[in-house]
Every structure is written in structure tokens, then in C-alpha cells.
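What you see below is based on every heavy atom in this structure, not just the backbone, and it leaves out hydrogens, waters and symmetry mates. Proteins get letters first, then strands, A, B, ... in listed order; numbering begins at 1 in each.
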Protein chains: 2
Amino acid sequence: MLQNPENCAVVRTVGYIGNKWKPIILVRLLNGGKVRFGKLCVQMADISRKILSQQLKELEEDGLIIRHTYMEKPPRVEYELSELGKTLIPVLKAMYDWGNHIAPPEQRGTWDPIVR
Amino acid sequence: MLQNPENCAVVRTVGYIGNKWKPIILVRLLNGGKVRFGKLCVQMADISRKILSQQLKELEEDGLIIRHTYMEKPPRVEYELSELGKTLIPVLKAMYDWGNHIAPPEQRGTWDPIVR
DNA sequence: AATAGTGGTAACCTATTGGTAACTAACAAA
DNA sequence: TTTGTTAGTTACCAATAGGTTACCACTATT
């Protein structure tokens, strides 16, 4: 609660998604079903493969996403929001709305994810 | 918008508050008016004075908080949410709610800031 | 035979974050 | 006279985050 800073719920949330990449990765997974590693890589041009796979691993360990591996050659790996991950949607939406709110009008977008 | 990752509103938001300390500092400023540096320091036991003053400076540069200095000895400095900072309340509340939602029941709190 | 495609990992490097201790100025209290 | 007080800053160092490049395994294609 607000009166007990050392045990604040915001601290807990920050522990899960309080860094540069995780909210952005999660938003990429809102647009429906499973997304391949390579597609994420292309969509997020600024992130390196190493950091992306590292962040995906942490998100999976934290139970926010699910990793599907297919025993094919060349390999195929897909990522998907977990049920717990979906509970973050209000947080991601609030972040999206605020970013939109402070953006110059010509850079504004709309929130229309497929996952609800 | 979700279709233009390189220009996503979430990226913008993360640029302002996507780190370990800023959301936590901002939440400390929701409980009404101006708060002294020393009080913030005590409330957030885990942050060092150096990092706290650094983060406060960035928040001020980004226009999210206002810094009031009084020409007294010993010095007095107080921090306050700006109007722009107050527009972040829905984001902070969503983060708070999610952290609360995943917390064990005995660690849950209530959201009752004085600033609205 | 060489190349492309996939989802990584390893080695290496830089940049940012964070921590500690010492120092400042000016006044008040002991 | 010494100490305490406040909100820092500076110097120095360690730890973490993030980035770059190269490489792998295996198959299909050229």
C-alpha cells in the first residue's frame, strides 16, 4: 500500500516489466497468437538478437509468455502471451495511451490489439 | 500505433518511466503536495542519495515533477508532481493494481493517493 | 559444392547504473 | 569549539545492462 513503500505493489510490477524492452515485447504479442522469434526481431529493429532472446527467456521464467519449440530444421520457435501475461493488458494500454497523449498529433496511433 | 513498432507509443512511455526507480518515486509524490528530498530518501530505503537525486533531476528535465528550492541554511528542497506528471496517474494506478493482483493476499494494499 | 534460412549461444566490449566516502555552505545548538 | 543539519556534488570503483561479431546445427535450395 502507499503507506508501506518497502512493500509497494508498484515495486512488484516494476520487477516484472520495469525495463527498456519488456513492455515493448509484450505489446508485440498482443496482435494475436504466436509470433516467431525472427518476426519479433524484424519488428523491433533496434533490439539485438541476444537481448531479445534474453528478455524472452526472463519473460517466460516469470510466466508472462509461453515458448513453443518445434523440432524442425531449420528450427521454429514461437512466443505467445500467457494468461498471466494477458492480465498485464491494462498496464500496457495505460502506457500506450499516455505515450499517445504526449505524442505530436501526426504520430498518434490507435490501440487495436487482437488479444483481449 | 501497433502496426508501426518503431514509432510505438509504448516506446515513448518507456523512455520516460521505463526504469527501476521512476515509477516508484512518482508514486511517493502522489500522497499530496511537496515532499522533501530527505523524506523521499527515508521512504525509499533501498535507493542511494546519489541515484535519487539523479532520477529526480531527470524527472524534472522531462517535466514530470517540479523542484522547489528555498534559500535557507541548511538547504530545503521540495519536489512535487507537475500537471504533466499527474497525467501519469492512470499508468501508475494500472501498475499498482497489477502488482496488487499478483501479490499474496496478506501483502495487498489499497490505492488511496491524495493527488487526483 | 556453396549458400540461405532459423534460433540461438559465446566471447568480447562499452555504457549505464549503482554504491561508498569525503566534501561543501551556513547556521544553530551543545 | 565542536557537532549536527540539509541537499547535494565529486571521485572512485563494482556490477549490470546492452551491443557486436562470429559461430553452430541441420536442411533445402541453387
Side-chain angles (χ1 to χ4, degrees), chain A residues 5-6 8 10-11 13-29 33-62 64-81, chain B residues 5-6 8 10-26 28-29 33-62 64-81:
Chain A
E6 64 284 351
C8 176
V10 174
V11 176
T13 304
V14 166
Y16 281 80
I17 58 161
N19 79 355
K20 183 178 173 182
W21 293 116
K22 286 178 184 170
I24 303 172
I25 293 172
L26 292 172
V27 165
R28 293 292 126 224
L29 297 179
K34 302 168 186 161
V35 182
R36 294 188 68 161
F37 180 84
K39 195 177 169 193
L40 282 173
C41 232
V42 171
Q43 283 189 341
M44 306 175 58
D46 290 346
I47 195 173
S48 69
R49 312 165 69 68
K50 188 189 105 177
I51 299 298
L52 178 56
S53 79
Q54 195 179 89
Q55 299 288 313
L56 287 166
K57 187 185 289 180
E58 290 179 16
L59 287 170
E60 194 207 0
E61 286 168 359
D62 284 342
L64 298 178
I65 66 175
I66 300 169
R67 184 174 185 267
H68 303 272
T69 21
Y70 303 88
M71 289 307 160
E72 305 172 356
K73 299 289 169 166
R76 179 155 65 103
V77 180
E78 296 180 336
Y79 295 91
E80 187 186 17
L81 270 191
Chain B
E6 64 285 352
C8 175
V10 174
V11 175
R12 190 172 281 110
T13 304
V14 166
Y16 281 80
I17 58 163
N19 79 355
K20 183 177 174 184
W21 292 116
K22 287 177 183 171
I24 303 172
I25 292 172
L26 292 171
R28 293 293 126 224
L29 297 179
K34 301 168 187 161
V35 182
R36 294 189 67 163
F37 180 83
K39 195 178 168 194
L40 282 174
C41 232
V42 171
Q43 285 189 341
M44 306 177 56
D46 290 346
I47 196 173
S48 70
R49 311 168 69 69
K50 190 185 102 177
I51 298 299
L52 178 56
S53 80
Q54 197 178 85
Q55 299 288 314
L56 287 167
K57 186 185 287 179
E58 290 180 15
L59 287 170
E60 195 208 359
E61 285 169 0
D62 284 341
L64 299 178
I65 65 176
I66 299 167
R67 183 174 185 268
H68 304 272
T69 19
Y70 303 88
M71 290 305 160
E72 305 174 356
K73 298 290 167 171
R76 179 156 65 102
V77 180
E78 296 179 335
Y79 296 91
E80 186 185 18
L81 270 190

Please state how far atom [atom1] in [X] lies from atom [atom2] in [N], giving the value in whole angstrom units.
| X | N | atom1 | atom2 | value |
| --- | --- | --- | --- | --- |
| Asp46(A) | dG19(D) | CG | P | 8 Å |
| Lys57(A) | dA17(D) | NZ | C1' | 15 Å |
| Arg49(A) | dT20(D) | CZ | C1' | 12 Å |
| Met44(A) | dG18(D) | CE | C1' | 13 Å |
| Gln54(A) | dG18(D) | CD | C1' | 8 Å |
| Lys50(B) | dC13(D) | NZ | P | 13 Å |

Can you tell me how far apart [atom1] ([X]) and [atom2] ([Y]) are? Round to the nearest 0.5 Å.
| X | Y | atom1 | atom2 | result |
| --- | --- | --- | --- | --- |
| Ile51(B) | Trp21(B) | CD1 | CH2 | 9.0 Å |
| Ile47(B) | Gln55(B) | CD1 | CD | 6.0 Å |
| Ser53(B) | Glu60(B) | OG | CD | 11.5 Å |
| Arg36(B) | Gln43(B) | CZ | CD | 13.5 Å |

side-chain N/O [X] vs [N] OP1/OP2, d < 4.0 Å:
| X | N | result |
| --- | --- | --- |
| Ser53(B) | dT9(D) | yes |
| Lys20(A) | dG19(D) | yes |
| Tyr70(A) | dC26(D) | no |

Inset, instruction - Could you please spell out the steps behind the side chain to side chain donor-acceptor pair (under 3.5 Å) verdict for Glu78(A) and Tyr70(A)? - result: CA-CA 8 Å; Glu78(A) 296 180 336; Tyr70(A) 303 88; 2.9 Å; yes

Where is the tightest heavy-atom contact between [X] and [Y], given as atom of each residue plus distance?
| X | Y | result |
| --- | --- | --- |
| Val27(A) | Cys8(B) | CG1-SG, 4.4 Å |
| Leu56(B) | Ile65(B) | O-CD1, 3.5 Å |
| Val14(B) | Lys20(A) | CG1-O, 3.5 Å |
| Val35(A) | Arg28(A) | CG2-O, 4.2 Å |

Inset, instruction - Starting from the first five and the last five pairs of the helix from dA1(C)-dT30(D) to dA30(C)-dT1(D), work out the angle between the resulting helix axes, to 10 degrees. - result: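 Rounded to the nearest 10 degrees, the bend comes out at 20°.
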
By the 4.0 Å heavy-atom rule, please label [X] as base, sugar-phosphate, or nothing.
| X | result |
| --- | --- |
| Lys39(A) | nothing |
| Arg76(A) | sugar-phosphate |
| Glu58(A) | nothing |

Legend entry - Among dT20(D), dG8(D), dA11(D), the one nearest Phe37(B) by side-chain distance: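 Closest of the options to the side chain of Phe37(B): dG8(D).
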
Legend entry - Pairs where residues 40-58 of chain B contributes a residue and the test salt bridge (charged side-chain N to carboxylate O under 4.0 Å, His left out) is met, not counting sequence neighbours: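 Residue pairs with at least one partner in residues 40-58 of chain B: Lys22(B)-Glu58(B).
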
Legend entry - Distance-only donor-acceptor test (3.5 Å): side chain Arg36(B), base dA7(D): no

Legend entry - First-last contacting nucleotides on DNA chain C - partner chain A, under 4.0 angstrom, heavy atom: dG5(C) to dA11(C)

Legend entry - Closest-nucleotide ordering on DNA chain D, the 5'-leading residue of Ile51(A) and Pro75(A): Ile51(A)

